[in-house]
Structure formats: structure tokens, C-alpha cells
Protein chains: 2
Amino acid sequence: MQTAMVTRNPAQAFPFPVFAKAGSALVAERFLGRPLRLARGAEIYAEGSPIETLFEVVSGTVRTRRLLPDGRRCIASFALPGEVFGLDGTGRHRFSAEAVTEAVVIAFARKDIEDCIGREPRAAHSWQAFTLRHLEAAQDRCILLGRRSAAERVASFLADLADRGQHGPHLLDLPMSRYDIADYLGLTAETVSRTLSALRRRRLIADGANHQIHILDRDALDEQAGEGDA
Amino acid sequence: MQTAMVTRNPAQAFPFPVFAKAGSALVAERFLGRPLRLARGAEIYAEGSPIETLFEVVSGTVRTRRLLPDGRRCIASFALPGEVFGLDGTGRHRFSAEAVTEAVVIAFARKDIEDCIGREPRAAHSWQAFTLRHLEAAQDRCILLGRRSAAERVASFLADLADRGQHGPHLLDLPMSRYDIADYLGLTAETVSRTLSALRRRRLIADGANHQIHILDRDALDEQAGEGDA
DNA sequence: CGACATATTGAGGCCTTTCAATGCTGGTGG
DNA sequence: CCACCAGCATTGAAAGGCCTCAATATGTCG
């Protein structure tokens, strides 16, 4: 259960401050970033802009996404409170980042982090593990997108959000639109909507107030998600 | 063109020895790994086994893949000569690795590499960039799998292999089976076969001897692949 | 050369998409 | 305070792309 959570949620393994788990208190104190307050829909950085900063979400939800030339959109990740985003390339951002809801994020200068890595062996190690966990998540997503049905993807998404969220395994926030979810799962908004309706009909989930979802039968949901992986 | 190649082919950015680009000759010499000769289909490591080694391909082709509980298979990557594989998790392998063809690979003790990272700031930096490039590739693959048609996926795959291969941009080796390609692209073997036939019919490609493919119209193939990304 | 795995091709079906209409909700201004 | 508006969600019907099942070709290795 614990390990599954880590796999599902690479970013959360690094609670604020970013390097808290670097094994060095000194490190943690170096990164007292600058907090940003964001309106709904606000762009945090654009695709193609140079990478100078990493961000940690304090409150709200952030999405990173790319637009294809023909207008198709892909969402690479949603960042929840406590998670880090901005790690999407070596030199320039290969995705843009926008606030899904009102949000507060903290910016960390990437330069500072890299300097630190150069000086602090344990930070380097920790940072490496952090990146690897993101890589694991991306690989799992490839499997989800390549080999799983719409029903499995949506169930898996809900289970993942519940595990990453702050309301326990049976309640989750779903602040993003059906279109965002669809772009994240490689589906259409209509299919997402239909799949959610089917889950409601089967009494696996129920709607709550404020875009919340209650998971009524977590075992059945996990089963529908395809048992553990992804 | 050059940058596109790097994006497509993260592993090749580190030719043998693994750390040749670490900026430190000293580093390169530390990793004189042990060469392994592999028969066709031989397993190099199993899913779930502890990660102790990283591998560089000297000759032949290697695949990393996972089997889902219900028998569906996913291939995470193909490693070509000069490329590195084995970087698929923090503690245990989350994929297995097998030789697609007869192959020679060189094993590097991960422990040595991590020790080195701790001691050599430049190695840490270099390693970090290396991992990030793998992450970029995985993210691009998510877009490929989530938002592109069968025709785009296959064209993109061929273009990618040509860029990574050693015969220039108009000739490539295709040693893996249609099933392997299908499991890599999130399709079925039949669809891959049909798509290749369509490309042949349109004179974008032609078969060569020994599982080679000639790219007759590279521009058209890139166009079919969806223009640059992926 | 023969046996087996792999590749190709065809026909039909299913799942997801597309197109379209309706209902809902939250924010805004009269 | 309420009505209106715009965006989002839901649902339906039809189409399309990819998959499944099946048969036939090709090639590869003993």
C-alpha cells in the first residue's frame, strides 16, 4: 500500500520544502522560495520558455500540458498540494503550466538546486531518486495509455487522485474539467463523462459537493483499474 | 535536427563508456564493465529483481517490457548499440529485459556509478541530465500513445529508429517482431503490419534485406509522423 | 526440404470518437 | 435578489478506427 502510493505519486515523496528529504537540514533551509498566488487558469510558464524555476504546490491544482500543431492537447501531469512540477526538460520547458484552480505555489531557483547538488552528495542522491520516481510515473503512464481501456484509465485516475489527495482513500477532489481529464488519459471528454456515469450507476462512486467524489467501493474501483499497476 | 535527435534518443547521448560525457576522464575509466554475450531471446534481468547493474548495448537490440496480469504485454523501450538500459526504477526492476537479437552488452555496477555521483559533482550533473533525457522521452511517448493515430505512431517509430540507427536517415534495421512493435506502440501486430503495408504502397518505405527498411521519402514520413514532436 | 514461427491480408465487430442537443452551474450585472 | 449568460457536463445516435478472429503467405532454422 505504501509502496504503491509512492509509485503513483512521485512528487509527494518530497514534501515542502523540496529537499526536506535530502537528509540534510542545511539543504532544506537553502530553498525558501518565493510564494506565488495564482488565479484560475493563470499561466505559470509557457511551452518553450527557459527552465529557471521549479515549483511546489501549496494549495490548489496545477496542470502541465502541450498543444500539438493540429490543436490536439495533451496533459502531462496534475500537481496537487505538496507536489512538485516544472521538471519537464533539460533546457526549455516542453510543456506549459497553468493553474486549474486558484492556487498558491512556491518557486525555487533551479540554479540553486543544481549548485546544491554539486556540493551536497546526499542532495544529489536524493534528487536523483526524485527524478527517477518521475520517470517511473511516466513509464507507468505509457502502459496506461498504450494498453488499457477507457474504464480502466478512469478508474485508475480516480484511485490515483484519492491516494494523492488529502481526504483519505475514499474521498477525492476532482477540480479539473472533463476535457482536462480526457487530455490526461488520452480519451475524449464525452468518454470520460460516460465512464464516470457508468461508475456512478454501478455504485462504485458518488458525487459530493464542490467537485468531490466519494469512492463507495474502493476494492471494486481498484479491481476496475486493473489491479495495482499503473 | 540535432536537438530533435537528442530528444528522440536519450540514451545515445551517452556513448560507451557510460560516463564518457561526464566531463571527467577519470570518471570514464572507473566503469570498465564486464561484457555479456546474449542469445536471441535471452533474459537479461527479470521484472521485480533488484537493480544492481546498468547495461550498455554494444551490438544487437534489447527490449524492456512488462507483462500485465491478464497477459497484455507492454514494451517500454528498445535499446540500440550505444544506448543504455536498466534504468527502470529505484529499487527493483519494473520491467524485464531481453535480447531481441543476438547481442553483446556491457554491465556496469550501479553502486559504482552512485558512489561516483557522490564524489564527482560533474558526474552528478551529467547523470542528472541523462535521467532527465529519459524522462523527456517517456513524456513524449505518453503523447504518442495518448493522442496519435496508428499511422502516426508507426511513422514516428520508423523515423526514430532511423535517427538512432547507424545507417543514416534513410535506412534502418527492424529486427523486432510485429508483436514487439505493437506492444511498444500500443497497437496490435496486425495493425502494425497493415500500416507498414500502406507505407510501402505509398512508396514512403521499401523493404531491404535482413529486416532492413529503406526510407524512400523521408520528408513524407516525417510529415506522416506528425511534424517534429514525439 | 520440411516444420514452425512470423508476416500479411480479409471480414466482421466492438469500443471510442464525432457530431449534436439538452441540462446544469456558477458568476455577473441589472 | 434574481435573471441571464457562458462554460461545462451529460446523454444520444451514428460513424470510424482499431481489434479480433481466421486464413493464407513468407521466411527461417533445423
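Remember, it's a predicted structure, so these values are computed and weren't measured experimentally. So you know, we letter chains A, B, ... as the sequences are listed, proteins then strands, and number each from 1.
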Between B/Phe95 and B/Arg66, is there a cation-pi geometry (under 6.0 Å to ring centre, at most 45° from the normal)? yes
Between P of D/dT28 and CD of B/Glu102, the distance in whole Å: 15 Å
Picking from A/Leu145, A/Asp183, A/Asp70, what satisfies side chain to side chain contact (heavy atoms under 4.5 Å, CB included) with B/Arg147? A/Asp183
Where along nucleotides 6-20 of chain D does protein come under 4.0 Å, by heavy atom, of base (B) or sugar-phosphate alone (S), with - for untouched nucleotides? ---SBBBB----SSB
Going by the side chain to side chain contact (heavy atoms under 4.5 Å, CB included) test, name the single residue among A/Arg153, A/Met176, A/Arg73, A/Arg141 that passes it with A/Tyr184. A/Arg141
The reported gap from CG in A/Leu204 to NE2 in A/His214 (rounded to nearest 0.5 angstrom) is 15.0 Å
A/Cys142 to B/Cys142 - nearest heavy-atom pair and separation: SG-SG, 3.7 Å
